[in-house]
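One structure is given here, and the rest of the page talks about it.
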There are 2 protein chains.
Amino acid sequence: MRDVARAAGVSQATASRVLNGSIRNVRQENVDRVLAAAAELDYTPHLSAQAIARGSTNTAALVVSGVDDPYFSSIAGGVTEAAEAAGLIVTMAVADRSPERELQIVRTLRGMRPRAIILAGSRIDDPGTRDALAQELDAYREAGGSVVLISQHDLPFHTVSIDNYGGARQLARALVGLGYRRFAMVRAHVGLKTSRDRCDGFMDGLGEFNIDIEERFVVKAEFNRRGGSAAARELVRRGLDGTELVFAVNDVMAIGVMTAFRDAGLVPGQDVAVAGFDDIGPAVDVVPELTSVTVPLRRVGLHAMELALSDDHASRIVPVSTNVVLRGSTPRR
Amino acid sequence: MRDVARAAGVSQATASRVLNGSIRNVRQENVDRVLAAAAELDYTPHLSAQAIARGSTNTAALVVSGVDDPYFSSIAGGVTEAAEAAGLIVTMAVADRSPERELQIVRTLRGMRPRAIILAGSRIDDPGTRDALAQELDAYREAGGSVVLISQHDLPFHTVSIDNYGGARQLARALVGLGYRRFAMVRAHVGLKTSRDRCDGFMDGLGEFNIDIEERFVVKAEFNRRGGSAAARELVRRGLDGTELVFAVNDVMAIGVMTAFRDAGLVPGQDVAVAGFDDIGPAVDVVPELTSVTVPLRRVGLHAMELALSDDHASRIVPVSTNVVLRGSTPRR
DNA sequence: TTGAAAGCGGTACCAC
DNA sequence: GTGGTACCGCTTTCAA
């Protein structure tokens with residue numbers, strides 16, 4: 001920038017004014033000269049320098065637990081869209097591996113002094129790590145940052161809350177309404193609150209009709225497609241034994257379940273019904289189309305970013321409702 | 001940091017040494033004091049400040065044309081994995097909208113002074129914008145940055161080159177080998193080099209057997225699932241007229257094609273075969289499983305990052321080979 | 001309207 | 001080993 005100023009024959013202060021900041025108090029002639037010089041020298045403002053001088057960045061950080069997963073990539077899509085609209089650059093980190101990793105990521109990200117940190121799908125449940133995370137986030141907010149959680153922690157921060165419990169409960173009711181009585185469930189490990197809420201909702205929904213699921217028909221697996229397949233194989237191994245419908249706590253798992261069933265010679269929707277949760281795009285590409293619970297993922301991302309930018313100091317909770325969609329994978333019995 | 005130094009009773013220089021930099025030339029006692037003070041004050045180094053002082057960041061930028069697309073999210077997964085391993089933070093931007101947008105993004109990203117800028121799936125083909133992009137990237141490299149392109153431009157930068165042409169050609173051969181003779185093709189607009197290469201390869205592959213595709217059986221559509229569906233509907237409208245197989249230039253389009261066919265009362269694989277390209281995860285979840293050409297997307301991302309970090313000055317090209325996988329959607333005739 | 005100069009939060013060279 | 005100090009690239013008073 002010094003070079004630009006020199007080339008334009010003005011002071012650096014003036015150059016700064018026209019290149020960024022308030023153009024209005026600069027004589028037109030100088031504006032032009034500076035702009036010309038900048039173009040000539042192919043000048044790009046050094047964002048870090050700006051950040052340090054201004055005391056604030058135009059960055060937002062997003063932590064997901066996997067980009068490959070349509071669930072997160074849809075949310076990421078919403079977040080980036082909103083960020084872009086607000087003129088923010090988004091930095092994305094994948095915490096997949098472990099809670100420790102997530103904690104470390106947040107710590108690093110904090111160093112960038114982003115305007116906001118958005119956490120989607122954290123898997124932290126271990127009290128120790130969880131407190132450490134909370135403290136880290138708190139310190140960040142203390143320093144002026146804005147924190148948004150997407151449907152997970154019960155921590156005192158802005159939260160976009162997906163109605164996992166309610167959606168699953170509605171789903172259970174709807175399925176019973178279709179005539180199903182004997183269920184199996186594919187879930188993730190207990191540490192994952194999203195999975196837990198969906199299970200609880202589903203169970204309670206069935207409970208309304210005095211239906212229960214036997215222990216042996218509840219199988220835990222990884223929270224992804226592979227996990228779904230593995231769980232389905234496990235169910236087949238244990239013996240489906242009259243099970244009419246398998247509920248998987250998310251669509252990618254449900255799709256894995258369907259594929260594994262097919263591989264085992266069972267026709268999904270016919271021999272055994274399958275239902276999932278999230279209503280991700282591919283849900284309608286499989287055969288039969290997957291019954292699920294719609295979660296407006298992209299919108300969740302948008303909301304998260306909006307929340308992040310609204311400088312409400314009180315930690316708000318934005319609820320996002322879910323909606324059952326019945327499709328071919330759960331025909332009326 | 002000044003506070004930390006003061007609290008520890010040492011100079012800021014020493015604090016800097018222990019917090020970052022070389023710990024070895026500091027007396028153990030002071031190391032401990034500084035560390036303690038830092039923990040107490042919940043100190044986090046200001047990355048921007050470090051960047052400006054050191055003259056370099058630990059950031060890498062990734063530009064994709066859509067996060068929702070499994071193609072890009074797989075690549076993004078690879079990139080972030082490699083970045084993480086190298087201790088880099090990745091900044092992701094979505095250029096979806098337009099070439100101008102992409103150009104603008106690169107310009108902004110450049111301001112962050114990332115170590116590398118990785119461009120995946122750019123859609124720029126308009127000579128004007130394209131040159132502007134090239135110039136922008138060149139200036140960036142001139143300033144010490146490292147540029148990596150993923151399978152698209154023929155620009156003088158590091159490139160991870162996916163063998164689109166060869167893969168499509170192999171696919172064509174394999175399909176003819178299965179007994180197919182009458183083809184239709186679903187492609188994106190001409191500006192998209194990836195699509196173009198795949199079309200060319202496929203055509204040339206058929207050409208080896210003196211098979212051609214009539215103009216009316218080639219339909220252009222958006223490079224996504226919706227585009228695929230629309231194209232399939234268009235084909236049905238025009239009259240399939242004996243078409244035995246539809247080749248879509250990527251899997252998401254192919255999946256869209258299958259779903260649309262099914263909606264039109266046609267059974268994919270039976271009434272009309274379908275083949276795609278990329279071999280994304282969901283390819284094996286649809287029924288029948290989709291014949292495709294495997295592209296090791298995640299690995300592509302890893303390679304890209306490696307290329308970015310290898311400070312080879314000569315612009316290298318890393319070829320990534322592709323591999324035909326025949327599945328149920330294209331049964332032997 | 002413009003320029004000089006004092007930072008912003010660190011790093012690193014240099015002398016002690 | 002340690003501290004003083006000159007920057008890094010830019011913003012923003014403050015005076016002129």
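We name chains A, B, ... by the order of the sequence lines, and we start the count at 1 in each one. Everything numeric in this text was worked out from a predicted model, so none of it was measured.
- Judged by distance alone, the side chain of B:R115 and the main-chain N or O of B:T57 form a donor-acceptor pair under 3.5 Å.
- A:S74 contributes a side-chain N or O that, together with a main-chain N or O of A:P70, makes up a donor-acceptor pair within less than 3.5 Å.
- Nucleotides of DNA chain D nearest to B:A13 and B:I52 differ in position, and the one nearer the 5' end is that of B:A13.
- When side chains are defined from C-beta on, B:V26 does not count as touching B:V10, because their heavy atoms never get closer than 4.5 Å.
- In this structure, a donor-acceptor pair under 3.5 Å is present between the side chains of A:R101 and A:Q104.
- Closest to the side chain of A:V26, from the set C:dT2, C:dC8, D:dT11, is C:dT2.
- DNA chain D lies under 4.0 Å from no heavy atom of any residue of residues 32-46 of chain B.
- The local environment of CZ in B:R141 is crowded, with over 12 non-hydrogen atoms from other residues, nucleotides or ligands closer than 6.0 Å.
- Contact annotation: B:N20 side-chain N/O to C:dG10 OP1/OP2 distance is not under 4.0 Å.
- Residues B:M92 and B:T80 have side chains not in contact (no heavy-atom distance under 4.5 Å, counting atoms from C-beta outward).
- Here A:R27 reaches the OP1 or OP2 of C:dT2: one of its side-chain N or O atoms lies under 4.0 Å away.
- Comparing C:dG3, D:dG4, D:dG9 by their closest approach to the side chain of A:V10 singles out C:dG3.
- Mapped onto DNA chain D by nearest heavy atom, B:N30 and B:A49 fall at different nucleotides, with B:N30 at the one closer to the 5' end.
- One can place CZ of A:R2 at 11 Å from P of D:dC7, the figure rounded to the nearest angstrom.
- Using a 4.0 Å cut-off, some side-chain N or O of B:Q50 falls inside it from OP1 or OP2 of C:dT11.
- You'll find that the side chain of A:N25 is closest to C:dT1, out of C:dT1, C:dG9, D:dT11.
- One can find a donor-acceptor pair under 3.5 Å joining the base of D:dG3 and the side-chain atoms of B:R17.
- Residue A:S16 is classed as a base contact, given a heavy-atom separation below 4.0 Å to a base.
- Contact between B:G121 and B:F72 at its shortest, heavy atoms only, is CA-CE2, 3.7 Å.
- In this structure, the nucleotide among C:dG10, D:dG9, C:dG3 sitting nearest to the side chain of A:S11 is C:dG3.
- Of the candidate nucleotides D:dT11, C:dT2, C:dG10, C:dT2 has the atom nearest to the side chain of A:T14.
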